[in-house]
Amino acid sequence: CTSIVAEDDKGNLLHGRNLDFGLFMGWDVKNKSWIISEKLKPLVVNLDFKRNNQTVFKSTNFAGYVGMLTGIKPHTFTLTMNERFSLDGGYIGILEWILGQRDGMWMSFLTRSVLENANSYEEAKTRLATTKLLAPAYFILGGNQTGQGCIITRSRTLSIDLLEIDLKLNRWYVLETNYDHWEQPLFLDDRRTPAMKCMNQVTQKNISLKTMYDILSTKPVLNKLTTYTTLMQVSTGNLESYIRDCPNPCMPW
Amino acid sequence: QFVPPFTEDCRSHMYPPNGPTFRGAVAWYTVDLDLPPSKRWNTLIADKKTDLVTMIQAIRDLADAFVPSGRLVELVDVTLPLMANTLPDPFSEEIKGIAAVSGIPLGEVVLFNIFYEVFTV
């Protein structure tokens, strides 16, 4: 996965993501594609969650999955999550749960609860940073005011790091793939470098949902695991998604 | 560009989405949070039932590839329904509603919804 929150030179916050899933879950040699990724694509839907006939939040989901991986609380905040690998992983959280220790939250139920109940970027940030989880994760959160964009690096029990947009440091965007931002990504799976190269080439002056889509369409940021691309703009409440393909030659991940 | 990782020059003018990297648009559905949790997903699942069954079957085939005896799928179908009752509401009721409408065994719908934690294994 690749998630980006960027602030343009007018103070608009833009949030884009590629959802990559299905690694090592069966390779279709004939079609050069991942079996599960291909089965997930027809399940991609945009959802408008309403209460009293008013939109509470919107999301891009796989039908049948009640948690959230990509969502927007219009005019308030945008949220995506990327997978984080750690030896202290989800299987430990599941074991604890089975043994009756149930003080942690399932990752996608937390994101659903935050989108449904949090009413500000700060409130969402606090909940995502402090709630105990069953598995580690990256939460990428965008707000509705200048400087409100961050990557929350989570272990199961701790908030390990928070990296925020900081215009004084000329950090006008934050970008997360699936590696801790202070570490080098696995050389076999470096989607961060090409994505950052393209962001820096576009510049803050020209970043928009359109140019963000261009970046999310550039291989290997776009790869055989990419099921959908979502673009969100908090100020308009706009969420749009597209089902993707990656024509050969294309990286398997 | 033609050797792994096939890094391209930064693409431009890809929007509006078109061409070989764009498979299709994404349909919109409304989820009415005023409905009981077990009813909220009915419309969506009725529409996507076939695709969901196909996807679950692919995961089942994968499990059978690892454990040809079928014991792994059996384990999922026997134990994960018990897990469903331990999940916080409204998720437990929503997942049961999805299983009821889709006809997919409850344990397999639970597995689909906790896949993030399971996959880290």
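Below, read A as the first sequence line, B as the second, and so on, with proteins coming before strands; counting in each chain starts at 1. Here the structure is a predicted model, which is why all the values come from computation and not from measurement. The analysis underlying the following values was restricted to heavy atoms, covering all of them including side chains, and did not include hydrogens, waters or symmetry mates.
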Show your working on salt bridge (charged side-chain N to carboxylate O under 4.0 Å, His left out) between A/Arg192 and A/Glu176 and close with a plain yes or no. CA-CA 7 Å; A/Arg192 179 201 294 168; A/Glu176 177 56 57; 5.7 Å; no

Which of these passes side-chain hydrogen bond (donor to acceptor under 3.5 Å, both in side chains) with A/Asn223: A/Asp20, A/Asp189, A/Asn18? A/Asp20

A/Ile98 versus chain B, the contacting section by heavy-atom distance below 4.5 Å: side chain

Salt-bridge present (A/Asp245, A/Lys41; N to O < 4.0 Å): yes

Relative to chain B, which segment of A/Tyr228 carries a heavy atom at a distance below 4.5 Å: side chain, backbone, both, or neither? neither

Regarding A/Asp48 and A/Lys58, does a basic nitrogen lie under 4.0 Å from an acidic carboxylate oxygen? no

A/Arg51 bridged to A/Glu116 by N-O distance under 4.0 Å: yes

Give, as side chain, backbone, both or neither, the part of A/Gln201 having an atom under 4.5 angstrom from any heavy atom of chain B. side chain

Identify which part of A/Arg112 has an atom lying under 4.5 Å from any heavy atom of chain B, answering side chain, backbone, both or neither. side chain

With chain B, the option among A/Trp106, A/Phe24, A/Phe62 that has the most non-hydrogen atom pairs under 4.5 Å is A/Trp106

Taking B/Thr86 for its side chain and B/Met83 for its backbone only, find out whether a donor-acceptor pair lies under 3.5 Å. yes

Side chain, backbone, both or neither: which part of A/Asn53 has a heavy atom under 4.5 Å from chain B? backbone

Salt bridge (charged side-chain N to carboxylate O under 4.0 Å, His left out) between A/Arg156 and A/Glu96, intermediate numbers included: CA-CA 12 Å; A/Arg156 292 193 313 109; A/Glu96 284 181 357; 3.4 Å; yes

Ring centers of A/Tyr179, A/Phe85 separated by less than 6.0 Å: no

Considering only heavy atoms, which portion of B/Trp41 lies under 4.5 Å from any heavy atom of chain A: side chain, backbone, both, or neither? side chain

Checking B/Ile59 against chain A: side chain, backbone, both or neither under 4.5 Å from a heavy atom? both

Find the one option among B/Phe112, B/Trp28, B/Tyr29 whose heavy-atom pairs under 4.5 Å with chain A are most numerous. B/Trp28

Does any N or O in the side chain of B/Ser102 come within less than 3.5 Å of the main-chain N or O of B/Ile98, such that one atom is a donor and the other an acceptor? yes

Whether B/Asn113 side chain and B/Val109 backbone form a donor-acceptor pair below 3.5 Å: yes

I'd like to know if A/Glu38 pairs up with A/Lys224 as an ion pair, taking the criterion as any Lys NZ or Arg NE/NH1/NH2 lying under 4.0 Å from an Asp or Glu carboxylate oxygen. no

Non-hydrogen atoms of chain B under 4.5 Å away: do they reach the side chain of A/Ala195, the backbone, both or neither? neither

Engaged part of A/Leu239 at the chain B interface, taking heavy atoms whose separation is under 4.5 Å: both

Of the listed residues (B/Ile45, B/Ile114, B/Asp9), which shares the most heavy-atom pairs with chain A below a 4.5 Å separation? B/Ile114

So, the part of A/Ser241 with a heavy atom under 4.5 Å from chain B: the answer is both

What part of A/Leu40 gets within 4.5 angstrom of chain B, counting heavy atoms only: side chain, backbone, both, or neither? both

With distance as the sole test, does B/Glu8 use its side chain to make a donor-acceptor pair with the main-chain N or O of A/Lys219 at under 3.5 Å? yes

Less than 4.5 Å to any heavy atom of chain A: does that hold for the side chain of B/Pro90, its backbone, both, or neither? side chain

In plain terms, say whether B/Asp32 and B/Lys39 are close enough for a salt bridge, that is, a side-chain N and a carboxylate O under 4.0 Å apart. no

Using a 4.5 angstrom heavy-atom cutoff, name the option from B/Thr79, B/Val31, B/Thr54 with the most pairs to chain A. B/Val31

Below 4.5 Å, heavy-atom pairs only: which of A/Tyr65, A/Phe21, A/Trp253 has the largest tally toward chain B? A/Tyr65

Between A/Arg84 and A/Ser155, does the side chain to side chain contact (heavy atoms under 4.5 Å, CB included) criterion hold? Intermediate values first, please. CA-CA 9 Å; A/Arg84 181 168 187 259; A/Ser155 70; 4.3 Å; yes

With a 4.5 Å cut-off on heavy-atom pairs, point out which of A/Ile35, A/Asn52, A/Thr193 contacts chain B the most. A/Asn52

With a 4.5 angstrom heavy-atom cut-off, could you sort out which part of A/Leu133 is near chain B: side chain, backbone, both or neither? neither

Ranked by heavy-atom pairs below 4.5 Å to chain B, first place among A/Met105, A/Glu83, A/Lys39 goes to A/Glu83

Let me know if B/Leu82 has heavy atoms under 4.5 Å from chain A in its side chain, its backbone, both or neither. neither

Using non-hydrogen atoms and a 4.5 Å limit, figure out which bit of B/Ala58 sits close to chain A: side chain, backbone, both or neither. both

For chain B, find which of A/Gly89, A/Pro194, A/Pro247 contributes the most heavy-atom pairs closer than 4.5 angstrom. A/Pro247

Of the backbone (N, CA, C, O) and the side chain (C-beta and beyond), which part of A/Trp97 lies under 4.5 Å from a heavy atom of chain B, both, or neither? side chain

Segment of A/Val202 engaging chain B (4.5 angstrom heavy-atom cut-off): neither

Go through the atoms of A/Leu47 and report whether side chain, backbone, both or neither lie under 4.5 Å from a heavy atom of chain B. both

Salt-bridge test for B/Arg11 and A/Asp214: reply yes if a basic N is under 4.0 Å from a carboxylate O, no otherwise. no

Where on A/Arg244 is there a heavy atom nearer than 4.5 Å to chain B: the side chain, the backbone, both, or neither? both

When you measure from the side chain of A/Thr227 to the backbone N and O of A/Leu19, does any donor-acceptor pair fall under 3.5 Å? yes

